[in-house]
Amino acid sequence: MFSLSLALPMIFTMLIHATDSLSYALRLGGLRTRRIALAISLAGILLLVSRTSNMAQGPMIGSLVDSATHGANPHFAAQLHWLMGAATLGTALAILCFPTMVKLSSRMVVHFEAAGSIPGMVRQLLKRSKLRNATYYITPPSWEMAKRLVQHGMPRRLMLLNVAVTAIYTTGVLSSLYAAYLYPDQAVAASQSTGLINGMATILLTILVDPRISLLSDRSLRGEIRLDRMNQIYGCMLISRLFGTLVAQLLLIPLAYWIGWIVSMM
């Protein structure tokens, strides 16, 4: 069941979810330095890593579908659950690296402003003196950080929405591929139906989640919200992403049958 053909897409899945989660650290670093626009621009680096990993991951997962369709992979459903477990591990890794990444992001934004371009910033950061100083920013999570997450009230509604968005995104592609396996006569239609699931997540993210985060960030820049509160909000969003990857485990098979039902009616 566990093989090299599964290990490689698991690694790429971990990279995708770790880099997506660490984008919160860049936004928070931008708030701390009051350079949010520069921070969002730097987030493009993480987006590049995520998209490149996604491009490499697709053919690998497709090969699992092909072998399962030909009867050579009886553990296909279990392997998809392993892939979602890798998403959880990637998000957990991002949580462990989050305090360090926030501090590094604050410095990266300042260096980006001074260098004027991303290649110039990279050249500055690769200098030996800068690499030696990087160890200063290593900050492992602590119990005090965890306790601060529950102070002053958690943004429960925003967290629940983020759980839903993350769960749908995590299982969207995998459910469509599993539907292609369950309904071989409509395999192509099922495998191309990811948008049926991810479209719901995109609507929730675009209308309800991202605007709220942007509003809170702007209020923080104007001094209406303390930075400590934004630290808490971004931390809670990261925790909700972790729970979202766990909820995705429960949605894999039901959504696959839902996609199969939809394509069978077309």
Beyond-backbone contact of His17 with Thr170, side-chain heavy atoms, under 4.5 angstrom
yes
How far does CG of Leu104 sit from SG of Cys97, to the nearest 0.5 angstrom?
10.0 Å
Keeping the roles fixed (side chain from Thr19, backbone from Ile16), state whether a donor-acceptor pair exists under 3.5 Å.
yes
Residues Ser21 and Ala94: closest non-hydrogen pair is CB-CB, 3.5 Å
If you measure from CG on Leu158 to OG on Ser240, what distance do you get to the nearest 0.5 Å?
7.5 Å
Hey, what do you get for CZ (Arg34) to CZ (Arg222), rounding to the nearest 0.5 Å?
10.5 Å
Reference residue Thr91; test side-chain contact (heavy atoms from CB on, under 4.5 Å); the match among Leu22, Thr245, Asp20
Thr245
Taking atom CD1 of Ile233 and atom CG of Leu28, what is their separation to the nearest 0.5 Å?
10.5 Å
Take the angle between the ring planes of Phe76 and Tyr178 and call it parallel below 30°, perpendicular above 60°, tilted in between.
tilted
Check the pair Thr202, Tyr169 against side chain to side chain donor-acceptor pair (under 3.5 Å), reporting the backbone distance first and the verdict last.
CA-CA 9 Å; Thr202 301; Tyr169 270 134; 2.8 Å; yes
How many angstroms lie between atom OG1 of Thr171 and atom CG of Leu255, to the nearest 0.5 angstrom?
5.5 Å
Not counting sequence neighbours, which residues clear side-chain hydrogen bond (donor to acceptor under 3.5 Å, both in side chains) with Arg229? List them please.
Gln232
